[in-house]
Amino acid sequence: MTSSPTSQTSPASPPRQPLPAVRLRVPTDEDAHAWHEVFADPDVMEFLGGPAELSAYEEFTARQRMHDAQLGYCLWTLLDEDGAVVGFTGAQPWPADKAWGPVGEVEIGWRLGREHWGRGYATAAAEATVARVRAAGLDRVCAMIDARNARSVAVAERLGMTLAEEFTTPGGNPARRYVLDLRDLPRPR
C-alpha cells in the first residue's frame, strides 16, 4: 500500500467525504448503560443475536478495561465531536474458549447506534483503531463479519482489509474473515 486508507480512491469512485471527528476512551462503568441504550435497537443487533441485557454490557465493559490495562488496547467507547456515546470500536483477542474462529488472532470491530449509520463514523472509528493497535505493537488484525452485513463489509474494505476466508458459523450464518497486515501500511508522518 502506498497511500493511507483515508486518501484511497479509485478512478471510478467519487472522492471520499471528510470523516467526522471521533474520540475513543476506555469504557467506564457508565458506558455499560450507554452501550445498552445505544444498542437496544434490533437493527443494530441484527447480525449479533439481538439486543442484550444490561448485565452483558456491564461484564463486557469490565473485560475491555482489563484488556486495555493488560494489552494496551480494547473495544473503546466511541464518542462524537460533542462527546456523546455513539458506539464502540477497537480490538480484542479472539476468545480462546470459542470452538471456532481465529483463536490466537486479534479482532478489530465497530458497532454504532442506528442514528449514526451512513455518516462516516464507522470508518473514522476503524481508522483510529488501526492507528492505535499499530502503535501498541500489533502486526496483524482480523475482522469477523457476518457476510450479510454489507455496512461492516464496506468498512473492512475501505480499511484495505483482504478477504481471507468465507465460512458458515456454528449457528448457520454466512461469515467472512478479513485480515490486515499492519506492517504493510505506510508509517505515520
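Everything numeric in this text was worked out from a predicted model, so none of it was measured.
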Using a 3.5 Å cut-off and no angle test, enumerate the donor-acceptor pairs between side-chain atoms of residues 175-182 and protein atoms at least two apart in sequence or in another chain.
residue: Arg176; atom: NE; partner: Glu166; partner atom: OE2; Å: 3.4
residue: Arg176; atom: NH1; partner: Tyr178; partner atom: OH; Å: 3.1
residue: Arg177; atom: NE; partner: Glu165; partner atom: OE1; Å: 3.1
residue: Arg177; atom: NH1; partner: Glu105; partner atom: OE2; Å: 3.3
residue: Tyr178; atom: OH; partner: Glu157; partner atom: OE2; Å: 3.3
residue: Asp181; atom: OD1; partner: Arg183; partner atom: N; Å: 2.9
residue: Asp181; atom: OD1; partner: Arg183; partner atom: NE; Å: 3.0
residue: Asp181; atom: OD2; partner: Arg183; partner atom: NH2; Å: 2.8

Smallest separation among heavy atoms of Cys142 and Met161, with atom names: C-CE, 3.8 Å

Over all atoms of both residues, closest heavy-atom pair of Pro93 and Leu71: CG-CD1, 3.6 Å

Atom pair OG (Ser55) and CZ (Phe60), whose distance is rounded to the nearest 0.5 Å: 13.0 Å

Co-membership, hydrophobic cluster, residues Trp94 and Leu75, 4.5 Å side-chain: no

Non-hydrogen atoms of Val103 and Ala96 that approach each other most closely: CG1-CA, 4.0 Å

Closest non-hydrogen atom pair, Gly120 against Leu19: O-CD2, 3.7 Å

Phe39 and Tyr57 aromatic ring geometry - parallel, tilted or perpendicular at 30°/60° bounds: tilted

Heavy-atom side-chain contact between Thr61 and His33 under 4.5 Å: no

Student check: side-chain heavy atoms of Met66 and Cys74 closer than 4.5 Å: no

Side chains of Leu112 and Leu78 in contact at under 4.5 Å (non-hydrogen atoms): yes

Qualifying side chain to side chain donor-acceptor pair (under 3.5 Å) pairs with a residue from residues 75-92, counting only residues at least two apart or across chains: Asp31-Thr77, Trp35-Thr77, Gln64-Gln92, Glu81-Tyr121, Thr89-Thr129

Distance (rounded to the nearest 0.5 Å) between Asn149 CG and Asn173 CG: 11.5 Å

Atom pair CZ/CG of Arg132 and Leu24 - distance to nearest 0.5 Å: 4.5 Å

Side chain to side chain, Val86 and Leu79, heavy atoms closer than 4.5 Å: no

Minimal non-hydrogen separation, Val38 against Gly113, with atom names: CG1-CA, 3.3 Å

Distance-only side-chain donor-acceptor flag, Ser152 / Trp110, under 3.5 Å: yes

Pairs touching residues 56-77 that satisfy salt bridge (Lys or Arg N to Asp or Glu O under 4.0 Å), sequence neighbours left out: Asp29-Arg65, Glu59-Arg63

Joint cluster assignment, Met144 & Val130, ILVMFWY side-chain distance < 4.5 Å: no

